[in-house]
Trainee: 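I'd like to ask you about the structure that follows.
Counting convention: from 1, in listed order, for ligands and their atoms alike. Quick note: residue numbers are just sequence positions, from 1.
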Amino acid sequence: MTTMSATQALQRRSLDAVWHPCTQMARAESVPPLPIARGEGPWLHDFDGRRYFDANSSWWVNLFGHADAGINAAIKQQLDTLPHVMLAGCTHEPAVRLAERLSARTGGALGHCFFGSDGASAVEIALKQSFHSWRNLGRGDKREFVCLKNGYHGETIGALAVTDVAIFRDAYDPLLMRAHIVSSPDSRLDNEAEALAAMRALLAERHEHIAAVIVEPLVQGAAGMVMHAPSYLKALRELTREFEVHLIADEIAVGCGRTGTFFAWEQTGADWPDFILLSKGITAGTLPLSLVLTTDAVYRAFWSEDVTRGFLHSHSYTGNALACAAANAVLDRFDAGQLEANRVQAALLAEALAPLAADPRVEHFRQRGMILAFDVKKPGERFAERFHLAARAHELLIRPIGATVYLMPPYLIDAQQTAAFLAEAVRRTLDDVA
Ligand SMILES: *Cc1c(COP(=O)(O)O)cnc(C)c1O
């Protein structure tokens, strides 16, 4: 009998006991999960002495890499003081402080903060708050939602109903509420005017029945880092005002400095949306937390002596104190100049990847802050999986989406060498598979 390595043993136990997310488990038998022993900064270490640069920030959440001492210290302090208390009937300093600080970042325009646990729960909350606020105002007919083509908002049944990614959605389509799916702007297609015209036509026809439009500002992440100009969002804000429809900005992926400003929305120069959703990076990959920020107008619509006109929604871990402490530690980084640091890092990455942008094997190289992406012209079969596996040999952990390769690294591009290392690892991987 051959003995298994520590790596193989953990892989076997994982395949026997863990149902891995977003994975065809039959396929996982031949492509087993990579056991990770520990993380430090941008690096993940396996059990065999190899390391991997976490180029996608572990699904876009680990803003400061792994085991960040400052964030950890804040959590440890909170752990010994008050890890959790229910937020119905009680309150606590970390939640209040976090809500106040996020409100201040919108100049008070989005002054009310509701807490959820994951991104999808924030989407559910915003959809319910939008519908219920219209209902409380005597406009219960406004109960339809609009989302964009290829948009992604999570995978619970409500969130999936406003998601247009076939591979996640199709099996459950019979279960989902019907939403309007409108063409989305895509910098590769230069189609902003058509996308806006389609939105105008729908709102003009259905606005009396539409509660809200939900969008991912500036970058549609799961669609494959599809980008659009801030001008689209500004025009969309004007349209939704004209037709009295809420606008929900899902910043779960693009918030927290990812696109160059704390909220992606800040780049539009438009009025604030009615809702902003945050999750993923807000705790920098330490604890699950999501937030729904909304306006006085929405909040006031629930204000009543009548209990049933209130928002009676809750999750067990809503406003978890440990998670809020982590989020406050993340905001401390932004108060201390993180956005300026990101600007420098984004420029380093742009410079290092410039040769790749000109590589004849790739097209549509694009960047928005700390998101860089390109499409591979002739990807061939199972490109994403082959690229992912080949990259490991170059110390790179990366998961393309279809034929789109993207970098969404931790905000730890501390020097030209780090950026050059990333560019080199991507190029060598491309040489291996394309
Ligand atoms: C990841 C994501 C979600 C869902 O968040 P989960 O925490 O995975 O439920 C929603 N919207 C966007 C834009 C996302 O990227």
Trainee: Does the gap between the ring centers of Tyr52 and Trp43 come in under 6.0 Å?
Mentor: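 When the ring centroids of Tyr52 and Trp43 are compared, they turn out to be at least 6.0 Å apart.
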Trainee: So Lys142 and Glu244, salt bridge (charged side-chain N to carboxylate O under 4.0 Å, His left out) or not? Walk me through it.
Mentor: CA-CA 10 Å; Lys142 286 169 85 66; Glu244 297 194 319; 6.0 Å; no
Trainee: Would you check if there is a donor-acceptor pair between the side chains of Ser117 and His315 at a distance under 3.5 Å?
Mentor: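 No - no donor-acceptor pair under 3.5 Å links their side chains.
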Trainee: Is atom 8 (O) of ligand 1 in close reach of the protein, with a heavy atom under 4.0 Å away?
Mentor: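 It does not: no protein heavy atom is found less than 4.0 Å away from atom 8 (O) of ligand 1.
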Trainee: Suppose I only count heavy atoms of Trp60 and a 4.0 Å limit; which atoms of ligand 1 are within that range?
Mentor: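 By the 4.0 Å cutoff, the relevant atoms are 15 (O).
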Trainee: Quick check: does Gly154 get an N/O under 3.5 Å from an N/O on ligand 1?
Mentor: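 So ligand 1 has no N or O lying under 3.5 Å from an N or O of Gly154.
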Trainee: Classify the contact between Glu155 and ligand 1 as side chain, backbone, both or neither, using a heavy-atom distance cut-off of under 4.0 Å.
Mentor: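 Neither part.
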Trainee: May I ask you to list the atoms of ligand 1 that are less than 4.0 angstrom from any heavy atom of Gly119?
Mentor: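 In order of number, 4 (C), 5 (O), 6 (P), 7 (O), 9 (O).
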Trainee: Looking only at heavy atoms, which two atoms of Tyr411 and Phe334 are closest? And how far apart?
Mentor: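 So the minimum-distance heavy-atom pair works out to CE1-CZ, 4.0 Å.
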Trainee: Has ligand 1 got any nitrogen or oxygen that is less than 3.5 angstrom from a nitrogen or oxygen of Asp250?
Mentor: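 Yes, at least one N or O pair falls under 3.5 Å.
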Trainee: Do you know which two heavy atoms are closest between Cys256 and Gly281, and how far apart they sit?
Mentor: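 Looking at all heavy atoms of both residues, the shortest contact is SG-C, 4.0 Å.
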Trainee: So Glu208 and Asp141, do their side chains get closer than 4.5 Å, heavy atoms only?
Mentor: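 Not touching, per the 4.5 Å side-chain cut-off.
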Trainee: In terms of atom number and element, which parts of ligand 1 are under 4.0 angstrom from non-hydrogen atoms of Ala120?
Mentor: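 What qualifies from ligand 1 is 4 (C), 5 (O), 6 (P), 9 (O).
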Trainee: List ligand 1 atoms under 4.0 Å from Lys280, heavy atoms only on the residue side.
Mentor: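 Near Lys280, meaning under 4.0 Å from one of its heavy atoms, ligand 1 has 1 (C), 2 (C), 3 (C), 14 (C), 15 (O).
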Trainee: Could you tell me if the side chain of Ser290 sits less than 4.5 Å from the side chain of Ile252, heavy atoms only?
Mentor: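 No; the side chains remain at least 4.5 Å from each other.
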Trainee: Just jot down the ligand 1 atoms closer than 4.0 angstrom to any heavy atom of Ala253, in number order.
Mentor: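 So the answer, numbered in order with elements, is 15 (O).
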